[in-house]
Amino acid sequence: MKTVTLLYILNAILLVLHELESAYEKEWEILHLPGRITGFLLLHVPLLLLLFYGLLEVEKNSAVGMVFGIVFGLGGIIPFIVHRLVFRTSDRFNSLISDFIIYLNMASGAGLLLLSARGLA
């Protein structure tokens, strides 16, 4: 298994863990998303389909796979930006495990982004 595939899997696991915590923390309230929990869950159906399809393409080392790597690499960086820079609150996403997920997701996302971009070049 290639390094880019391993990073994609690690990043995907961390993204899913973050989204599980996001449901617990009612992220739709923080970001003012419509539909409450129903809208939040429905939003994730196509995202998860794309995430899994992207893994298949990354493993094939296709150009489409590298684009998925770039997109979901950015997706790994976004939780840090949202919860540590833009919408930082004292009562949400502040546990030790939350920090671990967010910072490791940022690192795996950046690595995936760089490897995927290099794979397109």
Trainee: Let's go through Leu17 and Asn105 carefully: what are the C-alpha distance in whole Å and the side-chain angles of both, what is the deciding distance for side chain to side chain contact (heavy atoms under 4.5 Å, CB included) to 0.1 Å, and is it a yes or a no?
Mentor: CA-CA 10 Å; Leu17 286 174; Asn105 204 184; over 6 Å; no
Trainee: Just so I know, are the side chains of Pro79 and Met106 near enough to count as touching, which here means a heavy-atom distance under 4.5 Å?
Mentor: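 Answer no - side chains too far apart.
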Trainee: Rounded to the nearest 0.5 Å, what's the gap from CG on Leu120 to CG on Leu115? Could you check?
Mentor: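 That separation rounds to 11.5 Å.
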Trainee: Can you tell if the side chain of Val64 reaches within under 4.5 Å of the side chain of Val67, non-hydrogen atoms only?
Mentor: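 No, every pair of side-chain atoms sits at 4.5 Å or beyond.
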Trainee: With a 4.5 Å limit on heavy-atom distance, are the side chains of Val71 and Leu50 in contact?
Mentor: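 Val71 vs Leu50: side chains apart.
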Trainee: Quick check against the 3.5 Å criterion: does Tyr8 have a side-chain atom that pairs as donor or acceptor with the backbone of Gly65?
Mentor: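 Between the backbone of Gly65 and the side chain of Tyr8 there is no qualifying donor-acceptor contact (under 3.5 Å).
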Trainee: Starting at CD1 of Ile13, measure out to CD1 of Ile101 and round the result to the nearest 0.5 Å.
Mentor: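 Output value for this atom pair is 11.5 Å.
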Trainee: If hydrophobic clusters are built by linking Ile, Leu, Val, Met, Phe, Trp and Tyr wherever their side-chain heavy atoms come under 4.5 Å apart, do Leu20 and Ile37 end up in the same one?
Mentor: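 Yes, because Leu20 and Ile37 connect within a single hydrophobic cluster, where side-chain heavy atoms sit under 4.5 Å apart.
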Trainee: Answer yes or no: is there a side-chain heavy-atom contact under 4.5 Å between Asn94 and Arg88?
Mentor: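 Yes, side chains in contact.
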Trainee: Membership question, hydrophobic clusters at under 4.5 Å side-chain separation (ILVMFWY): are Leu114 and Ile9 in the same one?
Mentor: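 They do not share one cluster, since no chain of ILVMFWY contacts under 4.5 Å joins Ile9 to Leu114.
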Trainee: With side chain to side chain contact (heavy atoms under 4.5 Å, CB included) as the criterion, how do Ser95 and Phe100 come out once you've worked through the C-alpha distance, each side chain's angles and the decisive distance to 0.1 Å?
Mentor: CA-CA 9 Å; Ser95 67; Phe100 180 77; over 6 Å; no
Trainee: Are Leu43 and Leu31 co-members of a hydrophobic cluster defined by side-chain heavy atoms under 4.5 Å apart?
Mentor: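 No, Leu31 does not connect to Leu43 through the hydrophobic network.
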Trainee: Indicate yes or no: at least one non-hydrogen side-chain atom of Ile30 is less than 4.5 angstrom from one of Phe93.
Mentor: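 A side-chain contact under 4.5 Å exists here.
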Trainee: Which heavy-atom pair separates Gly73 from Leu112 by the least distance, and what is that distance?
Mentor: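 Closest approach of Gly73 to Leu112: N-CD2, 3.8 Å.
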Trainee: Keeping to residues at least two apart or across chains, list the salt bridge (charged side-chain N to carboxylate O under 4.0 Å, His left out) pairs with something in residues 91-106.
Mentor: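 Found Glu29-Arg92, Arg84-Asp99.
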Trainee: Output the distance between atom CD1 (Ile97) and atom NE2 (His18), rounded to the nearest 0.5 Å.
Mentor: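 Those atoms lie 13.0 Å apart.
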Trainee: Answer yes or no: is there a donor N or O on one side and an acceptor on the other, between the side chain of His44 and the main chain of Phe40, under 3.5 Å?
Mentor: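 Yes.
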Trainee: Output the distance between atom OG1 (Thr38) and atom CH2 (Trp28), rounded to the nearest 0.5 Å.
Mentor: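 Those atoms lie 9.0 Å apart.
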Trainee: Closer than 3.5 angstrom, by distance alone: can the side chain of Asn11 be matched with the main-chain N or O of Leu7 as a donor-acceptor pair?
Mentor: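 Such a contact is absent between Asn11 side chain and Leu7 backbone.
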Trainee: Could you state the interatomic distance from CG (Leu104) to CG (Leu14), rounded to the nearest 0.5 Å?
Mentor: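 These two atoms lie 5.0 Å from each other.
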Trainee: Hydrogens and angles aside, do Glu27 and His83 bring a side-chain donor and acceptor to less than 3.5 Å of each other?
Mentor: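 Their side chains do contain a donor-acceptor pair, which is all the 3.5 Å distance test asks for.
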Trainee: For residues Ile81 and Phe72: do they belong to one hydrophobic cluster (side chain heavy atoms under 4.5 Å, members Ile, Leu, Val, Met, Phe, Trp, Tyr)?
Mentor: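 Linked, Ile81 and Phe72 end up in one cluster.
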Trainee: Ignoring hydrogens and geometry, is there a side-chain-to-backbone donor-acceptor pair from Ser116 to Leu113 under 3.5 Å?
Mentor: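 Checked: no pair found.
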Trainee: Would you compute the distance between atom CG of Leu47 and atom CG of Leu42 and round it to the nearest 0.5 angstrom?
Mentor: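 It is 11.5 Å, given to the nearest 0.5 Å.
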Trainee: Is the NZ atom of Lys26 crowded by more than 12 outside heavy atoms at less than 6.0 Å?
Mentor: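 Open.
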Trainee: Is the side chain of Thr5 donor-acceptor paired with the backbone N or O of Met1 at a distance under 3.5 Å, no angle test?
Mentor: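 Not a single qualifying donor-acceptor pair exists.
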Trainee: Starting from Leu85, can I reach Leu74 by hopping between I/L/V/M/F/W/Y residues whose side chains sit under 4.5 Å apart?
Mentor: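 Yes, one cluster joins them.
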